[in-house]
Amino acid sequence: SIYVIGGRDRGQSMRSGERYDITTCTWTPIAAMREARAYFGAPSVPGGLVGFGGENEEQVQLRTAEFYDIRADTWTPIAPMHEPRAFMAVAQTPEHAYAIGGSAPPGAACPRASAERYCIANGAWEQLPVMPQGRSSAAAVAGRFAAITTA
């Protein structure tokens, strides 16, 4: 399945979401998030999705986070991030969801260089070392990669 949640429509942040079934090629509505969000992160984790950060309808950056339980079709608040962030890079591993960088906070000239991760086992956010350079609207990929060669 592919989940599409939040975002903006005609300038308003959204709470709604939909699930696309890749087998039947159909869309089904899912439960609405507890908070409207755009420009946020939502990596998949065991049992669901973690939605965090972004901007609300007033374009204020958010620290809040919530967990979507795929089986129960419900959103539950979880621990907030250490910093509000939007337009961040997002990655996941089986144990963690990562929020990296993001747009500049109000009054700042440069994008965020900070990073943090959500530990699925203990439900807490941990701050990570600061990046050498701030980044907004970047991409992040977690994984072990092997080089493939051909003879």
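- Here the SG atom belonging to C25 is positioned 3.5 Å from the OH atom belonging to Y20, to the nearest 0.5 angstrom.
- For P43 against F52, the heavy-atom pair with the smallest separation is CD-CE2, 3.4 Å.
- What you find for T64 and E35 is that their closest heavy atoms are OG1-OE1, 2.7 Å.
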After noting the C-alpha distance and the side-chain angles of R15 and E57, does the key distance pass the side chain to side chain contact (heavy atoms under 4.5 Å, CB included) rule?
CA-CA 10 Å; R15 296 176 52 233; E57 292 173 338; over 6 Å; no
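- Taking all atoms of both residues into account, the shortest heavy-atom contact from V45 to A97 is CG1-CB, 4.5 Å.
- At least one side-chain heavy atom of Y98 sits under 4.5 Å from a side-chain heavy atom of T93.
- For V90 against G41, the heavy-atom pair with the smallest separation is CG2-CA, 3.5 Å.
- Interatomic distance, CE of M33 versus CG of L49, reported as 10.0 Å (0.5 Å rounding).
- Under the rule for a side-chain hydrogen bond (donor to acceptor under 3.5 Å, both in side chains), T23 has no partner lying at least two apart in sequence or in another chain.
- Of the inter-residue distances, the one linking H96 atom NE2 with E116 atom CD reads 12.5 Å to the nearest 0.5 angstrom.
- The distance from atom CD1 of I30 to atom OG1 of T74, rounded to the nearest 0.5 Å, is 10.5 Å.
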How far apart are the C-alpha atoms of I5 and Y68, what are their side-chain angles, what is the distance that settles it, and do they pass the side chain to side chain contact (heavy atoms under 4.5 Å, CB included) test?
CA-CA 11 Å; I5 51 177; Y68 176 68; over 6 Å; no
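- For the pair M88 and G101, the tightest heavy-atom approach, listed with the atom from each and the gap, is CB-O, 3.7 Å.
- Side chain to side chain, T28 and E18 fail the donor-acceptor criterion of an N or O pair below 3.5 Å.
- Between Q61 and Y39, every side-chain heavy-atom pair lies at or beyond the 4.5 Å cut-off.
- Criterion: ILVMFWY side-chain heavy atoms under 4.5 Å apart, direct or through other members. Under it, V4 and I22 are part of a common hydrophobic cluster.
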For residues 124-131, dump all side-chain donor-acceptor pairs below 3.5 Å to protein atoms at least two apart in sequence or in another chain.
from	atom 1	to	atom 2	distance (Å)
W125	NE1	A79	O	2.8
E126	OE1	R117	NE	2.9
E126	OE1	R117	NH2	3.1

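- Counting only distance, with no hydrogens or angles, the side chain of R112 and the backbone of P84 share a donor-acceptor pair below 3.5 Å.
- Scanning both residues, A32 and W75, for their nearest heavy atoms gives O-CD1, 3.1 Å.
- Note: Y118 OH to E95 CD = 14.0 Å, rounded to the nearest 0.5 Å.
- Listed for the R63 side chain is a donor-acceptor partner under 3.5 Å among the backbone atoms of M81.
- Residue pairs meeting the salt bridge (Lys or Arg N to Asp or Glu O under 4.0 Å) criterion with at least one member in residues 65-82, sequence neighbours excluded, are R37-E66.
- From E58, atom CD reaches atom OG of S13 across 8.0 Å, with rounding to the nearest 0.5 Å.
- Of the possible donor and acceptor atoms, none in the side chain of R85 sits under 3.5 Å from a partner among the backbone N and O of F40.
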